[in-house]
**Student:** 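The structure that follows is given in the form of structure tokens.
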Amino acid sequence: TAVEVVTLPYPCFPTDLQPMMIALNSISDGAAMVTENIYESRFRFVNELTRLGADIRTDGHHAFVRGQTRLSAAPVEATDIRAGAGLVLAGLVADGVTHVYGAHHIDRGYDDLVGRLASLGADIARAALAAGASIEEARGTLKGEIVPIDDVRSTARYRTEVAANLLARFQADTTPA
């Protein structure tokens, strides 16, 4: 079931988890409003999620997310750390192979994200960007991207369970002690 959230300073819902929550809501049953009260431009990644088939509308600091039964693979670009993590999670539950460009943003906030997700059972791979190549030059190749690979068990229920488990793990890793 989709969950409404409002970001506020600690101890409330953290803005750093908002992109992951939007990704989770995009495959949940129902619809939810996500309100961002901390960063004005935190919804920049929503256009990339809609490329995967997510049904999201934004208005100011509100995002209305209507859950879909499935997302479909597409090339997407991470524009910042948290948006990148949300796109990787969405790519993991999408049908097909999703290429997430701009992985260097994700690396700044998550040490060995690919390895950690793989240790949880995610089917994911990473390729290095050729020296001097731009993201635009790498599009359509296996360079400079994190590639969540489709899993044989990709039913809607399984994808939802994987996303929920990964979100819980991120919360545990990012919640202050």
**Student:** Any salt bridge (Lys or Arg N to Asp or Glu O under 4.0 Å) involving residues 24-41? Give me the pairs, sequence neighbours left out, ordered by first then second residue.
**Tutor:**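 Output for this query is empty, none listed.
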
**Student:** Output the distance between atom CZ (Arg44) and atom OG1 (Thr79), rounded to the nearest 0.5 Å.
**Tutor:**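 If we round to the nearest 0.5 Å, Arg44:CZ and Thr79:OG1 are 4.5 Å apart.
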
**Student:** Just how far is it from atom CD1 of Ile124 to atom CG of Leu117, taken to the nearest 0.5 Å?
**Tutor:**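 The CG atom of Leu117 is 5.0 Å from CD1 of Ile124, to the nearest 0.5 Å.
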
**Student:** With rounding to the nearest 0.5 angstrom, report the CG to CD1 distance, Asp111 to Ile106.
**Tutor:**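 Between Asp111 CG and Ile106 CD1, I get 13.0 Å after rounding to 0.5 Å.
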
**Student:** Who passes salt bridge (Lys or Arg N to Asp or Glu O under 4.0 Å) against Asp112, sequence neighbours left out?
**Tutor:**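 By the salt bridge (Lys or Arg N to Asp or Glu O under 4.0 Å) rule, Asp112 matches no residue at all.
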
**Student:** Please report the interatomic distance CD(Glu4) to CE(Met21), rounded to the nearest 0.5 Å.
**Tutor:**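 The CE atom of Met21 is 10.0 Å from CD of Glu4, to the nearest 0.5 Å.
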
**Student:** Would you check if Leu71 and Asp95 make a side-chain contact, meaning some heavy-atom pair closer than 4.5 Å?
**Tutor:**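 No; the side chains remain at least 4.5 Å from each other.
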
**Student:** Enter the distance from Ile22:CD1 to Leu17:CG here, rounded to the nearest 0.5 Å.
**Tutor:**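 Nearest 0.5 Å value for the CD1-CG distance: 11.5 Å.
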
**Student:** Could you tell me which non-hydrogen atom of Ala78 sits nearest to which non-hydrogen atom of Val100, and how far apart they are?
**Tutor:**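 Taking every non-hydrogen atom into account, CB-CG1, 4.3 Å.
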
**Student:** Please test Leu24 against Leu89 for side chain to side chain contact (heavy atoms under 4.5 Å, CB included), starting from the C-alpha separation and ending with a verdict.
**Tutor:** CA-CA 8 Å; Leu24 180 60; Leu89 292 180; over 6 Å; no

**Student:** Which atoms form the tightest heavy-atom contact between Ala2 and Ala32, and what is the distance?
**Tutor:**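 For Ala2 and Ala32, the tightest heavy-atom pair comes out as CB-CB, 3.7 Å.
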
**Student:** Would you say Phe64 and Met20 are hydrophobically clustered, going by side-chain heavy atoms of ILVMFWY under 4.5 Å?
**Tutor:**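 No: no chain of side-chain contacts under 4.5 Å links Phe64 to Met20.
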
**Student:** Starting from Ile81, can I reach Val46 by hopping between I/L/V/M/F/W/Y residues whose side chains sit under 4.5 Å apart?
**Tutor:**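 Hydrophobic grouping puts Val46 with Ile81.
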
**Student:** Is there a donor-acceptor pair closer than 3.5 Å between any side-chain N or O of Arg57 and the backbone N or O of Val65?
**Tutor:**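 Not confirmed, Arg57 side chain does not pair with Val65 backbone.
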
**Student:** Ignoring hydrogens, what is the shortest heavy-atom contact between Ala63 and Ile56? Give both atom names and the distance.
**Tutor:**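 Looking at all heavy atoms of both residues, the shortest contact is CB-CG2, 4.2 Å.
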
**Student:** State, without any angle test, whether Tyr39 and Arg82 hold a side-chain donor-acceptor pair at a distance under 3.5 Å.
**Tutor:**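 No, no side-chain donor-acceptor pair sits under 3.5 Å.
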
**Student:** If you look at every heavy atom in Ala23 and Ala90, which pair is closest and at what distance?
**Tutor:**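 Looking at all heavy atoms of both residues, the closest pair is CB-CB, 4.2 Å.
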
**Student:** Test: salt bridge (Lys or Arg N to Asp or Glu O under 4.0 Å). Region: residues 59-69. Which pairs qualify, not counting sequence neighbours?
**Tutor:**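 Salt bridge (Lys or Arg N to Asp or Glu O under 4.0 Å) check on residues 59-69 returns Asp55-Arg66.
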
**Student:** Please say yes or no: joined through hydrophobic side-chain contacts below 4.5 Å, possibly via intermediate residues, are Met33 and Phe45 part of one cluster?
**Tutor:**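 No; tracing contacts between hydrophobic side chains, which count when under 4.5 Å, never links both residues.
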
**Student:** Taking Asn37 for its side chain and Thr7 for its backbone only, find out whether a donor-acceptor pair lies under 3.5 Å.
**Tutor:**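 Yes; judged by distance alone, with no hydrogens or angles, the pair exists.
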
**Student:** Would you compute the distance between atom OG1 of Thr35 and atom CD of Gln18 and round it to the nearest 0.5 angstrom?
**Tutor:**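 Result: 9.5 Å between the selected atoms.
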
**Student:** Would a hydrophobic clustering, with Ile, Leu, Val, Met, Phe, Trp and Tyr connected at side-chain separations under 4.5 Å, put Ile27 with Val3?
**Tutor:**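 In one cluster with Ile27: Val3, yes.
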
**Student:** Does Asp16 form a side chain to side chain contact (heavy atoms under 4.5 Å, CB included) with Arg42? I'd like the steps, not just the answer.
**Tutor:** CA-CA 9 Å; Asp16 288 350; Arg42 185 64 91 175; 3.2 Å; yes

**Student:** Quick check: do Val6 and His62 have side-chain heavy atoms less than 4.5 Å from each other?
**Tutor:**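 No - every pair of side-chain heavy atoms lies 4.5 Å or more apart.
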
**Student:** Does the side chain of Tyr110 come within less than 4.5 Å of Arg116's, by heavy atoms?
**Tutor:**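 No, too far: nothing below the 4.5 Å cut-off.
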
**Student:** Which heavy atom in Gln68 sits nearest to a heavy atom in Ala54, and how many Å separate them?
**Tutor:**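 Scanning both residues, the minimum pair turns out to be CG-CA, 4.5 Å.
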
